Asks: 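My questions will all concern the structure given below.
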2 protein chains.
Amino acid sequence: MITSTGNAKVKELVQLQKKAKNRNKEGVFIVEGGRIFTEIPKELLVQVYVSESFYEKNREMLAQGAYPVEVLSDTVFDYAADTRTPQGILCVVRQLKYCLEDLIAGEAPHILVLDNLQDPGNLGTIIRTAEGAGVTAIIMSRDCVDVYNPKVTRSTMGSLFRVPFVYVEDLPEAVAELKKYNISVFAAHLQGKNAYDEENYSGGSAFLIGNEGNGLSEEVADTADIRVRIPMCGKVESLNAAVAASVLMFEVSRQRRRNGKER
Amino acid sequence: MITSTGNAKVKELVQLQKKAKNRNKEGVFIVEGGRIFTEIPKELLVQVYVSESFYEKNREMLAQGAYPVEVLSDTVFDYAADTRTPQGILCVVRQLKYCLEDLIAGEAPHILVLDNLQDPGNLGTIIRTAEGAGVTAIIMSRDCVDVYNPKVTRSTMGSLFRVPFVYVEDLPEAVAELKKYNISVFAAHLQGKNAYDEENYSGGSAFLIGNEGNGLSEEVADTADIRVRIPMCGKVESLNAAVAASVLMFEVSRQRRRNGKER
């Protein structure tokens, strides 16, 4: 059992929580909590850390797994954890690797393209909602918040392992790629021409979603086939990015369910 | 200028930020930031606190207002502010008072009923989205997070002043009141009978939204006329409460816009 916060493994763990650079160098990330532990594809598990208390209660379950388990004293575990009320289990997990071409080649893909999204809670919520709405892939500009940030992974509630995603260096280039596959590209834009529900999303559809404070840059918005807006009452100028994305995703889901029934 | 954090007004300000009890006793709340300041109905302004730097830059604008202005040294201002990067202006604002009967008596009201919602960010996002979706009132159970919590007021982005709301002691009783006014009551429920988009929301409609972790209690869900679900793909069990509410609100908005056009 590790009983010192000065232990090399504990120091490494803390750095993996805090720094994207360290995560990317090792090709791993940290997942915290008992519920999400059950959703990690076991072949991705590199190492499991548990608190002494968690170990005592879950000895049998842990003995059955084909992954190395390291026990930390409760104090050291609380030190290494990112949450205020840690649940006693932390996993080092291999990063997920997807290829853009694979993600956009399917039949009628439903894609989100995120440009410079910054809030970890928003990204986590978008990934969780995306799974529920049947999104097939998420494409992110390199300057979006890191998907392996502990705040993001937590708020995805496990959907991180089920919704494919890629970071791209050049977003307009990725959008050009989508168009080659006949995917219609819609920019969520306050000055959109049509209301979002006046478009037909039965074919391959992608939505460009912009930064929380500034929306989409003109450069990125210009790559879209059409700008759509969410009609708004009152004096509201814009919606929260995760809310706007959710309204659009569930409109696609709604239309596709309706079309399915009418066939 | 106030230069000490020990000043009685500064102490009172900090307590008003932190404690609902103090806010309710005084019948006021605190609003922070330059943008939201411009959205406060001026008759509600009790007192404005500014940092020395803010005062220097905005002396003329502040001189025009018919409200008392108190200047704090920058250090004291930062101490009193709730945000990490304060913008130099803090307002003491009178609490808003609405009457349930007034809120539900209009033509085809669009109402949200929140049961034990706990996350300040969720409540703020719901209020902001509600204004955009044309919601006419929000009814909250007494055990919901305090709408005057600084985290809530900030994330409403000013919509707090434009979307009427009430807290009620007895939620089932409030729902019974809605029904008297022929408002259809829908419970957002994972085991809902119909998909949310199969219902007609052209008449008065109210949605019951439950707690983040536990959803709606059976007692409250039972008061609804019908339970509706948001159909979900993948392994997602539930959506974030603000996302679920947003999808429902904008479905009402969508249907009503469509109906308006067809007339």
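The structure displayed is predicted, hence computed values, not measured ones. Each chain gets a letter, A, B and so on, in the order its sequence line appears, and its residues count up from 1.
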Asks: Which one of L239(A), V247(A), V243(A), V163(A) has the most heavy-atom pairs closer than 4.5 Å to chain B?
Replies: L239(A)
Asks: Quick one: what part of E251(B) sits under 4.5 Å from any heavy atom of chain A, side chain, backbone, both or neither?
Replies: side chain
Asks: Does any heavy atom of chain B fall under 4.5 Å from the side chain of S155(A), the backbone, both, or neither of them?
Replies: neither
Asks: Report which part of S159(B) has an atom under 4.5 Å of a heavy atom belonging to chain A: side chain, backbone, both, or neither.
Replies: side chain
Asks: Could you pull out the closest heavy-atom pair between E131(B) and V236(A), with the gap in Å?
Replies: OE1-CG2, 3.2 Å
Asks: Go through the atoms of T125(A) and report whether side chain, backbone, both or neither lie under 4.5 Å from a heavy atom of chain B.
Replies: side chain
Asks: Taking all atoms of both residues into account, what is the closest heavy-atom pair of C233(B) and A133(A), and its distance?
Replies: SG-C, 4.0 Å
Asks: Chain B heavy atoms under 4.5 Å from E237(A): which part of the residue, side chain, backbone, both or neither?
Replies: side chain
Asks: Determine whether more than 12 heavy atoms belonging to other residues, nucleotides or ligands lie under 6.0 Å from atom CD of E107(A).
Replies: no
Asks: Below 4.5 Å, heavy-atom pairs only: which of P231(A), S253(A), G134(A) has the largest tally toward chain B?
Replies: P231(A)
Asks: State the CZ-CZ distance between F250(A) and F250(B), to the nearest 0.5 angstrom.
Replies: 15.0 Å
Asks: Atom CD of residue position E43(B) - does it have more than 12 heavy atoms of other residues, nucleotides or ligands inside 6.0 Å?
Replies: yes
Asks: Which atom pair, heavy atoms only, marks the closest approach of R254(A) to D197(B)?
Replies: CG-OD2, 3.2 Å
Asks: In terms of heavy-atom proximity below 4.5 Å to chain A, should R162(B) be classed as side chain, backbone, both, or neither?
Replies: side chain
Asks: What part of S246(A) gets closer than 4.5 Å to chain B, counting heavy atoms only: side chain, backbone, both or neither?
Replies: both
Asks: Taking every heavy-atom pair that is under 4.5 Å apart, which of M249(A), M157(A), M232(A), K235(A) has the most such pairs with chain B?
Replies: K235(A)
